[in-house]
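For ligands, and for the atoms within them, numbers begin at 1 and follow the listed sequence.
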Amino acid sequence: MTEGKCKRILIIADIEGSSGCWSYRGSSFMTEDWARACLEMTRDVQAVVRALFDSGVEHIRIKDFHRTGYNLLPDLIDSRSETVHGYRAGPVPGIGDPGDADAVMFLGMHAASGTDGFLAHTLTSRVELLEVNGEPLPEIQLFASSLAPWGLKPIFFSGCPVACEQARTSIKNISVFPIDKSVGQRQFDGAAWRSGLGQAAVKALANNQTAPFEREGPMRVVVRMRTGSIAAGKMAKRWGLDCRGDQIMIDAADIRDVYVHLIRICYLTPALEKTLPLGLWIYNLWGRIGLAWARRRVRGREN
Ligand SMILES: [Zn+2]
């Protein structure tokens with residue numbers, strides 16, 4: 001392999017920007033559309049994994065990062081790779097141990113809450129708008145910054161065209177490969193798109209123009225919840241934050257601090273945070289049950 005190319009890759013895989021998800025139902029746990037989307041998302045990931053191994057990559061860890069973290073069907077992915085399901089509290093929030101990867105690739109991603117990409121949201125669809133210092137915050141900034149202390153460079157991103165544009169604006173020189181769903185599911189040539197995705201990911205291995213992502217504070221965060229002002233007020237009070245109407249205000253020291261605050265208000269209560277290992281165990285069990293159900297729904301369609 002050519003000197004300077006990345007050899008150890010972490011893949012963060014989401015479903016909304018995969019070739020399997022064409023509506024909100026396709027992203028919704030335990031629906032027929034979601035079961036089919038799991039299969040297609042798995043095929044997208046496998047296309048990238050196979051292309052990367054063929055080009056000399058030595059190790060690939062895939063973190064399933066949609067909803068429960070149980071969407072990918074590992075028996076359909078090259079067995080030299082490692083698929084990590086579910087969520088871990090740390091050291092990297094949600095991801096757990098990032099391993100010793102050189103670089104991170106983001107597949108199947110979506111645009112930020114408050115923007116007009118396909119199924120745009122940040123962390124949860126309950127967040128209607130999320131701004132940091134007046135700008136919408138895409139998830140890539142949260143995930144890439146959480147991996148920066150481990151030296152991982154964000155080199156590749158795929159999602160809808162709006163999401164790709166937000167990734168390029170967020171991270172200088174990141175390589176992107178969009179998925180354009182305007183043609184509709186029936187007309188979409190999944191095999192051709194996937195082959196392009198794999199080739200683009202291989203090309204990105206030589207991308208030595210990006211650096212681990214850092215964004216300095218201080219940061220003023222505004223989160224507007226879809227759940228209305230009463231629910232937003234309760235969430236804010238729980239965590240000692242300011243709230244005006246349906247907007248929660250956060251003053252954060254830096255981007256990783258923003259992430260910690262958002263995880264709290266989107267997913268936790270103070271009581272749940274204290275018993276997080278048990279909560280995650282139950283949540284991961286729920287994910288395993290869902291994936292076993294999805295696997296039964298798509299049996300016989302794998303080839
Ligand atoms: Zn998702």
Side-chain angles (χ1 to χ4, degrees), residues 10-46 48 62-74 77 83-88 92-96 104-130 136-144 146-147 154 156-164 166-167 170 176-179 181 185 197 223 225-226 259 262-263 265-267 280 283-284 286-288 290-291 293-294:
L10 173 69
I11 292 175
I12 304 281
D14 204 346
I15 208 167
E16 287 85 353
S18 76
S19 69
C21 180
W22 293 82
S23 68
Y24 184 69
R25 283 185 69 76
S27 69
S28 306
F29 191 60
M30 298 273 241
T31 64
E32 289 289 339
D33 289 8
W34 169 70
R36 276 196 294 275
C38 288
L39 179 58
E40 301 302 317
M41 172 193 181
T42 300
R43 287 178 170 147
D44 296 350
V45 169
Q46 164 60 2
V48 169
I62 306 146
K63 179 67 197 74
D64 187 328
F65 225 57
H66 173 71
R67 273 298 284 281
T68 60
Y70 283 86
N71 307 269
L72 292 168
L73 304 162
I77 303 176
T83 299
V84 181
H85 284 130
Y87 294 107
R88 314 282 183 285
V92 181
I95 293 171
V104 53
M105 295 187 169
F106 297 90
L107 304 182
M109 302 293 286
H110 48 81
S113 281
T115 68
D116 61 358
F118 180 75
L119 298 178
H121 67 279
T122 304
L123 298 184
T124 157
S125 51
R126 285 176 296 134
V127 172
E128 188 176 15
L129 175 82
L130 173 53
L137 179 73
E139 286 179 1
I140 186 170
Q141 292 197 20
L142 299 172
F143 305 159
S146 73
L147 292 163
F156 184 70
F157 180 98
S158 181
C160 74
V162 175
C164 285
Q166 290 173 4
S170 298
V176 301
F177 189 78
I179 181 162
K181 295 185 177 171
Q185 189 172 11
L197 177 71
V223 187
M225 304 303 296
R226 271 186 221 282
Y259 196 15
L262 291 175
I263 289 171
I265 62 172
C266 291
Y267 306 122
L280 282 175
Y283 193 64
N284 289 336
W286 188 52
R288 272 198 293 275
L291 188 58
W293 177 86

Student: Is the closest side-chain heavy-atom distance between Leu107 and Phe156 below 4.5 Å?
Tutor: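 Yes, side chains in contact.
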Student: Which atom name does Glu16 have for its N/O/S atom nearest to the Zn ion (ligand 1)?
Tutor: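 For Glu16, the N/O/S atom sitting closest to the Zn ion (ligand 1) is OE1.
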Student: Among the N, O or S atoms of Asp14, which one sits nearest to the Zn ion (ligand 1)?
Tutor: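 Of all N, O or S atoms in Asp14, the Zn ion (ligand 1) lies closest to OD1.
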Student: Using only N, O or S atoms, tell me which atom of His66 is closest to the Zn ion (ligand 1).
Tutor: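 Nearest N/O/S atom of His66: ND1.
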Student: List the steps and the verdict of side chain to side chain contact (heavy atoms under 4.5 Å, CB included) for Gln166 and Phe157.
Tutor: CA-CA 10 Å; Gln166 290 173 4; Phe157 180 98; over 6 Å; no
Student: Return the set of residues passing ring-ring contact (aromatic ring centres under 6.0 Å, His included) with Tyr24 (not counting sequence neighbours), or none when no residue passes.
Tutor: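 ring-ring contact (aromatic ring centres under 6.0 Å, His included) list for Tyr24, sorted by chain: empty.
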Student: Return the minimal non-hydrogen interatomic distance between Ser27 and Cys21, and the atom names on each side.
Tutor: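 Smallest heavy-atom distance, with atoms named: N-SG, 3.8 Å.
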